Amino acid sequence: MEAIALDHLSFSYDGENPVLKNLSLTIPKGSYTAIVGHNGSGKSTLAKLIIGLLEPGAGQIKVLGQTLSDENLSQVRDHVGIVFQNPDNQFIGSTVADDIAFGLENHCVPTEDMQAMIEESAAKVGMSAYLDAEPTNLSGGQKQRVAIAGILAMAPDIIIFDESTSMLDPQGKASVNAQIRKLNQEKNITILSITHDMEEASQAEQVVVLDQGEVAAVGRPEDVFMNEELMSRLRLELPFALKAAKAFQKAGLNVSPVLSTEALVEELCPSK
Ligand SMILES: Nc1ncnc2c1ncn2[C@@H]1O[C@H](COP(=O)(O)OP(=O)(O)O)[C@@H](O)[C@H]1O
Ligand SMILES: [Mg+2]
């Protein structure tokens, strides 16, 4: 079954300028999909439609087999978690621990289990030392970590990350991304990650390229990123390893195009 099925979806904020145009897309259950595309291509709008914060102008949205409607919206939202782009808009608790607890309370987790779950998910994002801190006093990156911890604790069936690690340094990004992949692999949670981080996108199972409200490409990362015509036409950045491999090729070295740093190292210094 599909986790999310979008069928000829269109949307406009002002009734004039289309932001999403006749967009169809399926996100398989248990998959890890990355959505990439320039600012303004409609990525966040798409996320808001999927969780029913916006209503489509035309077309249908199915989440876990149910067509979104006013009647089933709250029921569907029990299964979908989202971490927004701007972490300032999503704090409710007066301490980090309260904030992580909020989602759990809403999901009727017994109080005696809650403390352990809060501590576990704070540890996963490196925020164990901040459980008593006030969210407003945290840095942007720390706020993003807490917002992610809240979702990790709830572990809903589908999680949408909308540029949720944009304020983290490369190491922080890598470690949070590792937690997200783990969630996908070990708990079979469907991940939809909107990202500018091409390293992260190249680790997804499926990459969707949005361009001006339309799906410009969908496919495995290797197929999308190695499509030179597409990548240069949309002026999208390539994952670092691929960029480097191409530079080595240009310099006359016999290096295959690869997506990960590990594969690049293997190309340059084969271990056997
Ligand atoms: N609340 C809003 N009201 C009017 N226009 C909006 C609103 N939010 C976004 N837009 C416009 O919709 C388009 C898509 O925006 P958005 O979905 O945020 O793109 P992305 O997340 O890919 O950067 C942009 O042109 C943006 O200016
Ligand atoms: Mg956005």
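Since we're looking at a predicted model, the values are computed, not measured. Along the sequence shown, the residues carry numbers beginning at 1. Both counts, for ligands and for their atoms, begin at 1 and track the order of listing.
With hydrogens left out, the protein atom closest to atom 10 (N) of ligand 1 is Tyr13 CE1, 3.4 Å, a heavy atom. The nearest protein atom to atom 23 (O) of ligand 1, hydrogens excluded, is given as Gly40 N, 2.7 Å; this is a heavy-atom distance.
Proximity to Ser41 (heavy-atom distance under 4.0 Å) selects the following atoms of ligand 1: 19 (O), 22 (O). The contact set between ligand 1 and Val19, taken as ligand atoms under 4.0 Å from a residue heavy atom, comprises 12 (O), 13 (C), 14 (C). Close approach to Asn39 involves these atoms of ligand 1, each under 4.0 Å from a residue heavy atom: 23 (O). Ligand-side atoms of ligand 1 in range of His38: 22 (O), range being under 4.0 angstrom from any heavy atom. When each atom of ligand 1 is checked for a heavy atom of Ser44 under 4.0 Å away, the hits are 17 (O), 18 (O), 20 (P), 21 (O).
Checking side-chain atoms of Arg77 against main-chain N and O of Ile51 turns up a donor-acceptor pair under 3.5 Å.
Look at Lys48 and you'll find every heavy atom at least 4.0 Å from all atoms of ligand 1. Note on ligand 1: Gly42 sits in its first shell, one or more heavy atoms being nearer than 4.0 Å.
With 3.5 Å as the limit, one finds a donor-acceptor pair spanning the side chains of Ser193 and Glu200. Ser164 and Asp162 form no side-chain donor-acceptor contact under 3.5 Å, judged by distance and modelled atom types alone. Judged purely by distance below 3.5 Å, without hydrogens or angles, the side chains of Ser166 and Gln144 pair a donor atom with an acceptor atom. When only modelled atom types and interatomic distance are considered, Glu134 and Thr95 share no side-chain donor-acceptor pair under 3.5 Å. For the residue pair Glu205 and Thr33, no side-chain donor N or O sits within less than 3.5 Å of a side-chain acceptor on the partner. Side chains of Gln115 and Glu119: a donor-acceptor N/O pair is present below 3.5 angstrom, by distance only.
Within 6.0 Å of the OH atom in Tyr130, the count of heavy atoms belonging to other residues, nucleotides or ligands does not exceed 12.
The Mg ion (ligand 2) has no N, O or S atom of Asn39 closer than 2.8 Å. Between the Mg ion (ligand 2) and Thr45 there is no N/O/S contact shorter than 2.8 Å.
Atom 26 (C) of ligand 1 is never approached by the protein to below 4.0 angstrom, counting heavy atoms only.
Under 4.0 Å from ligand 1, heavy atoms of Thr45 appear from its side chain as well as its backbone.
Annotation for Val36 and Lys43: closest pair C-CD, 3.9 Å, computed over non-hydrogen atoms.
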